[in-house]
Amino acid sequence: MSTFDERKQIRQHRREQYVRLKNECSKMFPVVGSGKYITAPVITEDGQPIRNPVVALETNLDANANRTEMAKELTSNGPLDMKVVQWMHTLHQIGLYVKRTDRTLLFYDKPENLSKLQDILSVYAWIDIDVGYCQAGMSDLCSPMIILLENEADAFWCFERLMRRLRGNFQCTETFVGVQTQLSNLATVTQVIDPKLHQHLETLGGGNYLFAFRMLIVLFRREFSFCDSLYLWEMMWALEYDPDLFSLYEELELNMEKAEGSKGKSKPTQKYGKYERENMKIKSVDAPLPISVFIVASVLKDKSSVLLHQARGLDDVVKILNDMTGILDAKKACTGALKLHKKYVKAKTHCNSKSMG
């Protein structure tokens with residue numbers, strides 16, 4: 001319900017906010033915003049700077065420039081705060097993955113675009129210290145924002161809002177993987193829609209469905225071509241649309257204002273995405289499953305015959321799925337996901353009716 005002028009003001013405010021955050025990071029570590037990226041640790045476990053870190057630079061800069069000065073600057077203000085130490089530990093990991101992300105795209109032949117990716121991920125790691133930077137695929141999620149949006153600050157805020165939706169996937173501990181719940185749900189869905197395939201995967205030791213980890217964590221960026229993966233993202237988010245979804249993306253004060261304004265108002269089902277309207281048919285206390293789970297199930301269903309006849313171990317399962325990289329069809333996968341979801345909803349509704357009866 002915003003106006004053009006309001007959106008313009010918000011955009012300008014966020015651009016200024018990003019500049020402040022980036023400057024803050026640059027003061028702590030001058031490589032941020034310099035066109036350089038780190039490919040080796042710059043700090044020890046106890047917070048001491050490494051005197052000669054490996055720094056990859058733009059081709060027109062001296063590769064040996066300022067290394068000693070950089071180390072001096074890190075300790076010039078005394079011992080480093082633990083939050084700063086934790087952040088600096090992630091910088092070389094970011095640099096390593098920046099070098100590997102979407103390297104087949106001509107866009108990243110330009111060093112300044114690699115630098116944008118490094119800076120956005122570094123600033124994000126600073127403001128979300130609980131997640132920081134996860135090697136599992138955050139750069140894959142960030143890359144399209146940089147390619148599609150010319151302004152670096154706009155790309156940062158799009159990525160930051162996307163992470164509000166997905167950050168739970170990257171919160172891992174020694175005993176819990178962020179997407180573990182989705183993998184468990186995928187197992188349940190596959191058991192309902194293709195029990196024979198589920199049984200086969202369990203027999204091979206893949207009942208935890210960890211082989212599907214990458215698909216869920218990077219939202220199919222590797223399985224589909226660049227254009228198809230973005231097409232798929234658009235479809236997924238439109239299908240899952242909920243009028244109250246702004247609560248994930250707006251600032252707290254705006255949230256409260258909008259919540260007050262909409263209090264007591266029932267929203268017509270037409271305002272919801274097609275997928276969400278189907279979910280509303282299930283009378284369940286459980287949160288609806290994300291459509292990404294059904295897209296993975298759709299891919300597995302499509303490859304069911306191959307998996308059943310050719311997979312004799314988990315390595316075979318991984319190879320068969322990896323062989324699909326870049327060749328899957330987004331529209332076909334999404335259409336298949338909706339069909340499977342409808343079948344799953346029908347089964348769940350029937351099951352719920354029986355238990356109530």
* Do T90 side-chain atoms and W87 backbone N/O form a donor-acceptor pair below 3.5 Å? -> yes
* Structure fact -> In terms of heavy-atom contacts, A187 and G207 come closest through CB-O, 4.0 Å
* Student check: side-chain heavy atoms of I291 and L338 closer than 4.5 Å -> yes
* **Name of the residue among L300, L307, L308, D302 meeting side chain to side chain contact (heavy atoms under 4.5 Å, CB included) with S304** => L308
* Asked: In Å, rounded to the nearest 0.5 Å, how long is the span from CZ of F294 to NZ of K339?
  -> 15.5 Å
* With E152, the salt bridge (Lys or Arg N to Asp or Glu O under 4.0 Å) member among R15, K22, K116 -> K22
* To do: Run the salt-bridge test on R165 and E240 with the 4.0 Å N-O cut-off and return the result as yes or no.
  => yes
* N/O donor-acceptor pair under 3.5 Å between S184 side chain and Q180 backbone -> no
* Under a single-linkage definition using a 4.5 Å side-chain heavy-atom cutoff for Ile, Leu, Val, Met, Phe, Trp and Tyr, are W157 and V19 assigned to the same hydrophobic cluster? -> no
* **Closest approach of Q270 to R277 (non-hydrogen atoms, all atoms of both residues)** => O-NH1, 4.2 Å
* Asked: Are side-chain heavy atoms of L321 and R214 found at a separation under 4.5 Å?
  -> no
* How far apart are the C-alpha atoms of Y133 and H89, what are their side-chain angles, what is the distance that settles it, and do they pass the side chain to side chain donor-acceptor pair (under 3.5 Å) test? -> CA-CA 10 Å; Y133 177 75; H89 277 308; over 6 Å; no
* Asked: Does any non-hydrogen side-chain atom of I147 lie less than 4.5 Å from one of P144?
  -> no
* Report yes if some heavy atom in the side chain of L121 is under 4.5 Å from a heavy atom in the side chain of Y97; otherwise report no. => no
* To do: Provide the closest heavy-atom pair for V296 versus A212 in the form atom of the first, atom of the second, distance.
  => CG1-CB, 3.9 Å
* Are K319 and D315 close enough for a salt bridge, meaning some N to O gap below 4.0 Å? -> no
* To do: Determine whether Y344 and L289 make a side-chain contact, defined as any pair of heavy atoms from C-beta on separated by less than 4.5 Å.
  => yes
* Who passes side chain to side chain donor-acceptor pair (under 3.5 Å) against S122, sequence neighbours left out? -> Q118
* Side-chain contact test, heavy atoms from C-beta onward, threshold under 4.5 Å: evaluate it for R221 versus W233 and give yes or no. => yes
* Contacts of type side chain to side chain contact (heavy atoms under 4.5 Å, CB included), residue A330, not counting sequence neighbours -> F224, D228, Y231, L232, M235
* Kindly indicate whether a cation-pi arrangement holds for R7 with F4, taking the cut-offs as under 6.0 Å to the six-membered ring centre and within 45° of the axis. => no
* Non-hydrogen side-chain atoms of V317 and Y209 separated by less than 4.5 Å -> no
* Donor-acceptor under 3.5 Å (E6 side chain, T3 main chain) -> yes
* Sort and list the pairs that fulfil salt bridge (Lys or Arg N to Asp or Glu O under 4.0 Å) and have at least one residue in residues 186-197, not counting sequence neighbours. => D194-K301
* Asked: Does NZ belonging to K110 count more than 12 external heavy atoms closer than 6.0 Å?
  -> no
* Please examine the side chains of F29 and V84, heavy atoms only from C-beta on, and report whether any two atoms are closer than 4.5 Å. => no
* Per the side chain to side chain contact (heavy atoms under 4.5 Å, CB included) rule, which among T335, I295, I193 passes with L340? -> I193
* **K274 with E278: basic N within carboxylate O range, under 4.0 Å** => no
